[in-house]
Amino acid sequence: MPSGEVRPIALCVVRRNDRLLVFEGYDSVKRDHYYRPLGGRIEFGETGATAAAREISEEIQAQVLDVRWLGMIENLFVVNGEQGHEIVLIYEADLVDETLYDRCPIWGQEDDRSPIKALWKPMADFRAGRGRLVPEGLLAMLDGDPAGE
């Protein structure tokens, strides 16, 4: 992402019971793993809901249904030493292929063909500090606490 730009993205929360489908990322500067729902940039003329569904299709070749609005988070962050600023539209959806709920990891790829490792992570792990869910504030949103308290 070019420095100084605010990037609009859409994330697609997929969960089953207490498990959340997340991308596993690594910050080489902080030497820290982080986890984020799948998703990405909203293309010009595309709605956030359409972008969330498209990104799931592109990243793990899966289709979603019943895309629902959850909320928005303004995300100011530093990863790999680079500052970022995103407006994150958060949606939730269900996977059409129910066999994916039992597959872990689910391998996919980014637009640049770099591999994506998606896995089912218990939300209890994030609540207990065993893994960092990003963007900040998402866990509180998913737990029904929009104020993040």
Side-chain angles (χ1 to χ4, degrees), residues 1 6-28 30 32-43 46-80 82-149:
M1 169 171 39
V6 178
R7 187 172 94 136
I9 69 168
L11 298 182
C12 191
V13 170
V14 178
R15 52 184 159 177
R16 171 72 54 100
N17 301 320
D18 191 49
R19 298 177 312 144
L20 182 64
L21 183 63
V22 291
F23 154 81
E24 181 180 57
Y26 182 71
D27 185 324
S28 60
K30 296 176 189 172
D32 177 45
H33 286 274
Y34 60 91
Y35 301 89
R36 190 194 84 178
L38 300 174
R41 189 168 74 89
I42 300 169
E43 303 287 342
E46 182 178 50
T47 67
T50 300
R54 175 185 51 75
E55 287 287 336
I56 292 286
S57 176
E58 290 176 358
E59 292 177 347
I60 62 168
Q61 293 71 53
Q63 303 304 311
V64 295
L65 54 87
D66 194 22
V67 179
R68 317 173 281 288
W69 169 256
L70 288 182
M72 189 273 302
I73 295 173
E74 185 170 13
N75 187 27
L76 299 164
F77 62 96
V78 175
V79 67
N80 294 322
E82 299 288 325
Q83 187 174 14
H85 187 173
E86 299 170 330
I87 303 300
V88 186
L89 305 184
I90 311 289
Y91 295 87
E92 184 166 16
D94 302 310
L95 295 170
V96 171
D97 181 356
E98 293 195 8
T99 66
L100 293 172
Y101 289 106
D102 297 317
R103 191 181 327 160
C104 190
I106 301 171
W107 290 98
Q109 65 183 10
E110 291 282 4
D111 290 341
D112 66 2
R113 301 213 183 272
S114 60
I116 293 173
K117 179 183 177 184
L119 48 94
W120 293 100
K121 189 134 174 84
M123 288 182 55
D125 284 359
F126 300 123
R127 292 181 194 111
R130 294 185 302 269
R132 186 167 56 93
L133 184 63
V134 298
E136 189 174 325
L138 179 59
L139 182 59
M141 179 186 287
L142 296 179
D143 280 343
D145 181 9
E149 299 172 1

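Each residue takes its place number in the sequence, starting with 1.
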> What closest approach, in Å, do D27 and Y34 show between heavy atoms, and which atom pair accounts for it?
Replying inline: N-CE2, 3.8 Å
> Out of curiosity, R68 CZ to L70 CG, how far, rounded to the nearest 0.5 Å?
Replying inline: 7.5 Å
> Going from CZ on F23 to CD on E55, what distance comes out if it is rounded to the nearest 0.5 angstrom?
Replying inline: 12.0 Å
> Is there a side-chain contact between L21 and I60, using heavy atoms and a 4.5 Å cut-off?
Replying inline: yes
>> Holding to side chain to side chain contact (heavy atoms under 4.5 Å, CB included), I want the full list of residues that pass it with R113, two or more places apart in sequence or in another chain.
In response: Q109
>> Tell me the closest heavy-atom pair linking W120 and Y101, and the distance in Å.
In response: CH2-CD2, 3.4 Å
> If every non-hydrogen atom of A10 is compared with every non-hydrogen atom of I42, which pair is closest and at what distance?
Replying inline: N-CG1, 3.8 Å
>> Looking at N80 and E82, would you say the former's side chain and the latter's main chain have a donor-acceptor pair under 3.5 Å?
In response: no
> Rounded to the nearest 0.5 Å, how far does CD of E92 lie from CH2 of W69?
Replying inline: 13.0 Å
> Can you find a heavy atom in the side chain of L142 that is under 4.5 Å from one in the side chain of R15?
Replying inline: yes
>> Quick check: do P37 and L133 have side-chain heavy atoms less than 4.5 Å from each other?
In response: yes
> Does the side chain of L38 come within less than 4.5 Å of I116's, by heavy atoms?
Replying inline: yes
>> Just to verify, what does E59 make a side chain to side chain donor-acceptor pair (under 3.5 Å) with, not counting sequence neighbours?
In response: none
>> Given P135, which partner from the list L76, I73, I9 fulfils the side chain to side chain contact (heavy atoms under 4.5 Å, CB included) test?
In response: I73
> For I87 and M72, which heavy atoms make the closest approach, and how far apart are they?
Replying inline: CG2-SD, 3.8 Å
>> Please list all pairs meeting salt bridge (charged side-chain N to carboxylate O under 4.0 Å, His left out) that have one or both residues in residues 123-138, counting only residues at least two apart or in different chains.
In response: D18-R127, D32-R132, K121-D125, D125-R130, R127-D143
> How many angstroms lie between CG in D94 and CG in D66, if you round to the nearest 0.5 Å?
Replying inline: 5.5 Å
> Who are the side chain to side chain contact (heavy atoms under 4.5 Å, CB included) partners of E24, not counting sequence neighbours?
Replying inline: H33, Y35, K117, L119
> Which pair of non-hydrogen atoms, one from Q63 and one from S57, has the smallest distance, and what is that distance?
Replying inline: NE2-OG, 3.3 Å
>> Between N75 and V134, is the side chain to side chain contact (heavy atoms under 4.5 Å, CB included) condition met? List the steps.
In response: CA-CA 9 Å; N75 187 27; V134 298; 5.7 Å; no
>> Restricting to side chain to side chain contact (heavy atoms under 4.5 Å, CB included), what partner residues turn up for R103, sequence neighbours left out?
In response: L100, I106
> Can you name the side chain to side chain contact (heavy atoms under 4.5 Å, CB included) partners of A93, sequence neighbours left out?
Replying inline: C12, V64, V67
